[in-house]
Amino acid sequence: MRPSTLRALKRAAELTRQNRLTEAVLIAEPVILTADSYEGDEILRWLADHVTDFTGEDPKETRR
């Protein structure tokens with residue numbers, strides 16, 4: 001994944017935790033839409049692995 005894509009995803013996660021969803025989408029959507037299939041797969045994996053970055057929940061609390 002390109003460093004700029006990762007920065008955008010991390011910033012979107014930060015904004016989401018601050019309840020600034022519109023801004024988060026404005027930052028993340030362009031990099032997601034312009035990703036090629038390989039980077040798109042990396043983005044999907046990163047999102048799946050970092051769900052709690054967006055929710056702000058402790059991963060230990062989400063497992064029951």
Side-chain angles (χ1 to χ4, degrees):
M1 179 180 333
R2 293 176 293 162
S4 59
T5 300
L6 183 56
R7 279 193 305 273
L9 294 174
K10 287 181 177 182
R11 179 64 179 145
E14 181 182 329
L15 290 168
T16 301
R17 286 192 308 272
Q18 297 171 5
N19 293 320
R20 296 165 60 188
L21 185 59
T22 302
E23 292 170 79
V25 170
L26 289 173
I27 288 172
E29 185 179 35
V31 297
I32 293 169
L33 293 177
T34 59
D36 60 19
S37 62
Y38 179 77
E39 188 175 41
D41 290 343
E42 288 182 316
I43 290 169
L44 287 174
R45 279 191 302 276
W46 188 90
L47 290 171
D49 292 343
H50 293 88
V51 169
T52 58
D53 291 357
F54 288 85
T55 63
E57 295 175 351
D58 183 351
K60 295 173 190 152
E61 293 176 8
T62 58
R63 294 183 182 168
R64 296 179 186 194

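Everything quoted here is computed from the prediction, not taken from an experiment. Quick note: residue numbers are just sequence positions, from 1.
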Q. When rounded to the nearest 0.5 angstrom, what distance separates CD in Glu42 from CG in Leu6?
A. 10.0 Å
Q.
Nearest 0.5 angstrom please: Leu47 CG to Ile32 CD1, how far?
A. 6.0 Å
Q.
Restricting to non-hydrogen atoms, name the atom on Thr55 and the atom on Thr52 that form the minimum distance, rounded to 0.1 Å.
A. OG1-CA, 3.3 Å
Q) Of all heavy-atom pairs between Arg11 and Ile27, which one has the smallest distance, and what is that distance? A) CG-CD1, 3.7 Å
Q.
Please give me the minimum heavy-atom distance between Ala24 and Ala12, naming the atom from each residue.
A. CB-O, 3.4 Å
(Q) Once rounded to the nearest 0.5 Å, what's the spacing between atom CH2 of Trp46 and atom CG of Asp41? (A) 16.0 Å
**Q.** Spacing of OG1 belonging to Thr34 relative to CD belonging to Glu29, to within rounding of 0.5 Å
**A.** 10.5 Å
**Q.** Residues Glu14 and Arg17 bridged, charged N to O under 4.0 Å
**A.** no
**Q.** Leu9 vs His50, side chain to side chain contact (heavy atoms under 4.5 Å, CB included): CA-CA, chis, key distance, verdict
**A.** CA-CA 10 Å; Leu9 294 174; His50 293 88; over 6 Å; no
Q | CZ on Phe54 to CG on Leu21, rounded to 0.5 Å | A | 10.0 Å
Q) Which pair of heavy atoms, one from Pro30 and one from Val25, lies closest together, and at what distance? A) CD-O, 4.1 Å
Q. What is the minimum heavy-atom distance between Ala35 and Ile43, and which atoms define it?
A. CB-CD1, 3.8 Å
